[in-house]
Engineer: 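This structure is in structure tokens; I'll ask about it shortly.
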Amino acid sequence: MKTQSLMLTATSAAAMMLAGASAHAEDYKAVILQSLTGGAAFIGKNVADGAVLAAEELNEQGFFGEGNKLVFSVEDDATDRTQTLSLITRLAADPATLMVMGPTSGSVALAGANVANEREFPVMTTTNSMEVLENGPWSFIMTQPASITMPFIADYTAETLGVETCAVIGVKDNEAYVALQRMYEDLITEAGVEIVSNDGVALADSDFSALATKVASSDQDCVFVGTPAAQGANIILQLKQAGLDPDTAILGHNAFASPTFIEKGGAAVEGVYLIGAWVPGGDNEFSSAFAENFEEKMGFPADEWNAMGYSGMQVVAHAIRDAAEAGNATREGVRDALGEQKDVPVVVGTHTYTLDEERVPFFGMKVLQVKDGEFTVAPE
Amino acid sequence: MLTQQILNGLVSGSVYALFSLGFTLIFGVQKLLNFAHGATFMAGAFIAYYCTISGLPFVMAIGFSMLATGLIAILIDLIAFRTLRKRGNAEFPALVSSIGVDLILVSIAQQVSNTQVLNFPFGTFPIQFYDIFGLRISLLQIVILATVAVLVAALIFYLKKTTFGRQVRAVATNERAAALLGVNAQSVYLQTFFIAGALAGLAGVLIGLLFNSIQFLMGEPYMLRAFVVVVIGGLGSVQGAIIASLMLGVAQSLTVAYLPSGLTDAIIFGLLFLVLLVRPNGLFGDINAVAGGTRQ
């Protein structure tokens with residue numbers, strides 16, 4: 001009887017402890033708002049996929065403390081300013097939502113930043129546009145601005161490869177791509193490289209036959225292709241088919257650091273130089289584990305934007321946890337914590353993820369080259 | 001480079017022709033702007049892609065794709081246009097309705113492809129180039145030019161020389177009078193949609209193969225250019241659509257080659273305004289011209 005009574009007491013105590021624990025368990029609510037449809041879906045959908053995987057893993061690992069978890073949902077900004085404004089306004093009206101990871105890019109991100117600052121609601125946009133930061137203290141950027149990334153490939157063009165003339169092909173209908181291209185042009189021009197032609201394509205274009213003939217018929221030491229991976233591979237394929245001199249160096253920016261680039265380009269993209277925050281397949285324990293888990297979950301390998309989404313969510317999670325640990329899991333607390341993030345382990349770049357005093361992110365870049373159908377670190 | 005660019009333009013223009021013919025045919029017969037035509041074009045490329053990677057021989061994949069897009073186009077007519085047509089004054093509601101169908105098809109394609117750009121496996125079509133009089137032309141470009149020429153000739157023959165063609169022209173000219181003469185207008189509409197869909201599907205496959213890219217938004221730029229083609233060529237005019245398509249292809253190539261490529265669209269639409277100023281009904285005139293008939 002006494003034993004039974006003791007067991008009953010112990011069971012009741014355990015139940016009370018559990019109940020107590022669950023009563024103190026916190027749900028931290030955040031929204032992944034990306035371009036799942038529309039023109040920027042090639043970026044936003046991939047970022048969202050990476051971010052969702054990170055959030056699921058962090059919850060499984062008990063990253064937010066025992067019983068606590070990140071409650072997240074995924075919304076579509078549709079690459080549309082009106083939809084974005086409406087969604088952020090709606091999300092800001094829910095006091096439980098601490099922050100938004102998004103919107104994705106361009107004018108949509110800027111419009112989102114504008115309304116977020118008006119409503120004092122933290123947003124971490126995917127874009128690298130400094131205008132988002134200038135918009136106010138509540139809006140952040142997840143990717144490194146062109147001023148950080150492009151010197152890696154511009155220096156390689158002018159100094160390591162020593163080219164004298166270059167043709168530039170870029171995207172004309174996406175601000176982030178235009179910014180990267182302009183930065184590259186300025187940097188190589190300053191380094192003494194002459195730009196012999198400068199052409200723009202639309203993200204939805206696939207017919208580059210005229211452009212390829214034009215560039216292949218011209219005389220230049222290098223061609224810089226600043227487009228998304230699949231489109232870039234297609235442009236390079238058409239350049240080669242149009243008879244581009246095989247000795248012409250072909251370069252691109254970090255969007256090429258995707259398995260898609262090699263898959264779509266095949267032999268045509270052999271030898272192409274690029275910068276990459278993400279080395280497909282990963283290059284350390286953390287990034288390799290991400291690559292493996294992502295492919296297992298999605299059925300296809302992770303690209304730069306998947307890795308960026310995964311990394312961005314790590315930063316968001318650290319900020320929310322820091323704010324919670326400081327006893328200030330509010331929007332203001334999360335905003336402050338986000339701005340103070342330093343040395344967050346991420347799967348992109350050469351360094352940990354750190355925001356400087358101006359809230360500009362840094363995590364480094366590598367110059368890579370496609371060799372034997374794989375990304376390798378380019379020779380110095 | 002000039003002749004090479006003209007050749008590039010003719011190849012692109014010939015595929016525009018394939019795309020625009022269906023669009024202008026539907027407009028000619030029904031006076032409806034089918035905004036879902038771009039999505040049908042995209043569907044053609046997707047269907048042929050999935051058939052090919054499933055192991056179906058490429059020629060059969062093309063045939064299946066044309067059949068499927070023809071049926072999709074019929075479905076579009078039945079769902080989006082037929083009821084509105086019965087009510088009369090269907091132009092504007094049908095336009096909105098076709099935009100809705102376009103969005104649905106694009107969304108489905110995006111989900112199916114997981115927003116990835118697809119391409120036919122290497123070796124689907126032999127990659128072979130010929131240098132003829134300084135021109136570099138691929139086997140694929142030759143096949144495309146020949147295929148489009150044969151199809152366009154067959155379509156013109158079909159419209160001009162067969163009973164069905166006469167029925168199409170009769171319905172396009174005056175549906176009520178045609179019905180009184182025993183022509184089944186609904187059947188004509190369905191057949192027109194089938195032909196338009198099959199041609200769009202084939203154009204999608206050829207573009208996907210030629211430019212190594214299949215993606216859910218691929219119909220949008222072609223849709224925009226199809227408008228230019230049918231307006232410049234003359235609304236509803238088959239021969240106008242063909243010539244305007246070739247002109248557009250060549251103009252596009254030459255602007256990319258000799259002018260800043262960012263100006264291409266501005267120049268093309270500038271050309272459109274110019275043609276409209278000089279010939280308000282398009283190059284091949286008569287606003288009522290419909291596949292060789294005149295609407296009453």
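By convention in this document, chain letters (A, B, ...) are assigned in the order of the sequence lines, proteins followed by strands, and residues within each chain are numbered from 1.
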Engineer: Please classify the contact of A:L203 with chain B as side chain, backbone, both or neither, using a heavy-atom distance under 4.5 Å.
Structural biologist: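 Contact with chain B is through the backbone of A:L203 alone.
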Engineer: Between B:Y49 and B:F58, is the ring centroid distance below 6.0 Å?
Structural biologist: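 No, the ring of B:Y49 stays outside the 6.0 Å limit from the ring of B:F58, centre to centre.
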Engineer: Heavy-atom pairs under 4.5 Å with chain B are the metric here; pick the option from A:A229, A:S206, A:A230 that has the most.
Structural biologist: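 Option with the top pair count is A:S206.
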Engineer: Counting only non-hydrogen atoms closer than 4.5 Å, does B:Q110 touch chain A with its backbone (N, CA, C, O), its side chain (CB onward), both, or neither?
Structural biologist: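 Side chain only.
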Engineer: Going by side-chain contact (heavy atoms from CB on, under 4.5 Å), A:E75 matches just one of A:L36, A:L33, A:I32. Which one?
Structural biologist: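 One option only clears the test, and that one is A:L33.
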Engineer: Give, as side chain, backbone, both or neither, the part of A:N46 having an atom under 4.5 angstrom from any heavy atom of chain B.
Structural biologist: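 Side chain only.
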Engineer: So which of A:M298, A:K45, A:Q241, A:E263 has the biggest tally of heavy-atom pairs under 4.5 Å with chain B?
Structural biologist: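 Among A:M298, A:K45, A:Q241, A:E263, the one with the most close pairs to chain B is A:Q241.
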Engineer: Only pairs of heavy atoms separated by less than 4.5 Å count here; which of B:S107, B:G219, B:S213 has the most with chain A?
Structural biologist: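 Heavy-atom pair counts peak at B:S213.
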Engineer: When you check the gap from the basic side-chain N to the acidic O, do B:D265 and B:R225 get nearer than 4.0 Å?
Structural biologist: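 Yes, charged N to carboxylate O under 4.0 Å.
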Engineer: Are A:F290 and A:W278 an aromatic pair, judged by ring center distance below 6.0 Å?
Structural biologist: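 Ring-ring flag for A:W278/A:F290: true, centres closer than 6.0 Å.
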Engineer: Give, as side chain, backbone, both or neither, the part of B:Y258 having an atom under 4.5 angstrom from any heavy atom of chain A.
Structural biologist: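 For B:Y258, no heavy atom lies under 4.5 Å from chain A.
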Engineer: Return all side-chain donor-acceptor pairs below 3.5 angstrom for residues 138-148 of chain B, not counting sequence neighbours, or 'none' if the list is empty.
Structural biologist:
{"from": "B:S138", "atom 1": "OG", "to": "B:Q141", "atom 2": "N", "distance (Å)": "3.1"}
{"from": "B:Q141", "atom 1": "OE1", "to": "B:S138", "atom 2": "N", "distance (Å)": "3.0"}
{"from": "B:T147", "atom 1": "OG1", "to": "B:V143", "atom 2": "O", "distance (Å)": "2.6"}

Engineer: Specify which of B:V11, B:L254, B:N119 makes the most heavy-atom pairs with chain A at under 4.5 Å.
Structural biologist: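 Most heavy-atom pairs within the cutoff with chain A belong to B:N119.
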